[in-house]
Undergrad: 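One structure is given below, represented as structure tokens, and several questions about it will come after.
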Amino acid sequence: MAKKIVPRGSGAELARLLGITDRRVRQLADEEILTREPEGDYLLPEVIAEYYAYKYKTDESVDLMKEKALHEKAKRELAELELAKRRNEVHDAEDVQIVMVDMLTKLRSQLLGLPTKMAKLLAERDASYIDAALTQEIEERLKELSDYSPTMFSEEAFGNEEENR
């Protein structure tokens, strides 16, 4: 059986076949993109295949297993977030904003109403009594702010708030 002859060529011949310069062929060989034989020439069919594999290789080569793993991770994170929402462990930013604006609006109204409410009670009292009474009243209003409950963010709570408006 006859031995198959593989065409070989110089850098100049390869450059002509690829439509690039001889200098570019040497650069690609130096970068080990093209395989140069020990004799200094090239096995043309192999090197042409290497060149086109390099030329048409994209940075967007997709590793399917990596993409599937990322997709599964994202699905798991979404499921965990949904579960945490159902357990009232996390809340949507919009819901937090609604609750906080409501709480702070009520606090503002109550604090602005203190002078009118307390004026009659504090008339002609000594300074220590006035200080203690005002401090107690302010602390009661602030305590309302600290009464956090996850149910404040539930759909039922929002429904009741909108009915009250």
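The analysis underlying the following values was restricted to heavy atoms, covering all of them including side chains, and did not include hydrogens, waters or symmetry mates. The model shown is predicted, which means the values in this text are computed figures rather than measured ones.
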Undergrad: Taking E72 first and then K75, would you say they form a salt bridge - that is, a charged N and a carboxylate O separated by under 4.0 Å?
TA: yes
Undergrad: Between T35 and E46, do the side chains contain a donor N or O and an acceptor N or O under 3.5 Å apart?
TA: no
Undergrad: Distance check, rounded to the nearest 0.5 Å: S10 atom OG versus L44 atom CG?
TA: 8.5 Å
Undergrad: Check D22 with R16, please: is the shortest side-chain N to carboxylate O separation under 4.0 Å?
TA: no
Undergrad: Check for me, please, whether L28 and Y52 land in the same ILVMFWY cluster - side-chain distances under 4.5 Å, paths through other members count.
TA: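 Linked, L28 and Y52 end up in one cluster.
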Undergrad: Has the side chain of E140 got a donor or acceptor atom that lies under 3.5 Å from a matching backbone atom of E137?
TA: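 No, the answer is negative, given that no donor and acceptor are paired below the 3.5 Å cut-off.
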Undergrad: Counting heavy atoms not belonging to R23, are there more than 12 under 6.0 Å from its CZ?
TA: no
Undergrad: To the nearest 0.5 Å, what is the distance between OG1 (T105) and CE (M100)?
TA: 10.5 Å
Undergrad: With a 4.5 Å limit on heavy-atom distance, are the side chains of L142 and E139 in contact?
TA: no
Undergrad: Please round to the nearest 0.5 Å and tell me the distance separating atom CE of M65 and atom CG of L70.
TA: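 That separation rounds to 11.5 Å.
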Undergrad: I want to check something: taking the side chain as every heavy atom from C-beta on, are I48 and L14 in contact at a cut-off of under 4.5 Å?
TA: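 In short, these two side chains touch, coming nearer than 4.5 Å.
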Undergrad: What closest approach, in Å, do P7 and P45 show between heavy atoms, and which atom pair accounts for it?
TA: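 Heavy atoms only, the tightest pair is O-CD, 3.6 Å.
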Undergrad: Is there a path from L34 to Y54 through hydrophobic residues (I, L, V, M, F, W, Y) whose side chains come within less than 4.5 Å of each other?
TA: yes
Undergrad: Establish, from distance only, whether the side-chain atoms of R36 and Y42 form a donor-acceptor pair under 3.5 Å.
TA: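 The answer is yes; a qualifying pair exists.
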Undergrad: Roughly how far apart are K106 NZ and Q110 CD, rounded to 0.5 Å?
TA: 8.5 Å
Undergrad: State plainly whether one hydrophobic cluster holds both L121 and I138, where clusters connect Ile, Leu, Val, Met, Phe, Trp and Tyr through side-chain heavy atoms under 4.5 angstrom apart.
TA: yes
Undergrad: Report yes or no: do I20 and L43 belong to one cluster of Ile/Leu/Val/Met/Phe/Trp/Tyr joined by side chain heavy-atom distances under 4.5 Å?
TA: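 Cluster IDs for I20 and L43 differ.
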Undergrad: Please check if the side chain of E144 supplies one atom and the backbone of L107 the other of a donor-acceptor pair under 3.5 Å.
TA: no
Undergrad: Which value, rounded to the nearest 0.5 Å, describes the distance between L78 atom CG and L83 atom CG?
TA: 12.5 Å
Undergrad: Count the heavy atoms of every other residue, nucleotide or ligand shown that sit under 6.0 Å from CD of E37, and state whether that count exceeds 12.
TA: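 Yes, enclosed.
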Undergrad: Out of curiosity, R26 CZ to T21 OG1, how far, rounded to the nearest 0.5 Å?
TA: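 Taking CZ in R26 and OG1 in T21, the distance rounds to 7.5 Å.
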Undergrad: Can you list the residues that meet the side chain to side chain donor-acceptor pair (under 3.5 Å) rule with K55, with sequence neighbours excluded?
TA: none
Undergrad: Surrounding CZ of R108 (heavy atoms of other residues, nucleotides or ligands, distance under 6.0 Å), is the total greater than 12?
TA: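 Count not over threshold, so no.
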Undergrad: Do R8 and E39 have side chains that get closer than 4.5 Å, going by heavy atoms?
TA: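 Sidechains of E39 and R8: in contact.
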Undergrad: Is L134 close to L122 at the side-chain level, that is, under 4.5 Å between some pair of heavy atoms?
TA: yes
Undergrad: Is it the case that the side chain of D126 and the backbone of Y129 share a donor-acceptor pair, with hydrogens and angles ignored and the cut-off at 3.5 Å?
TA: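 Present.
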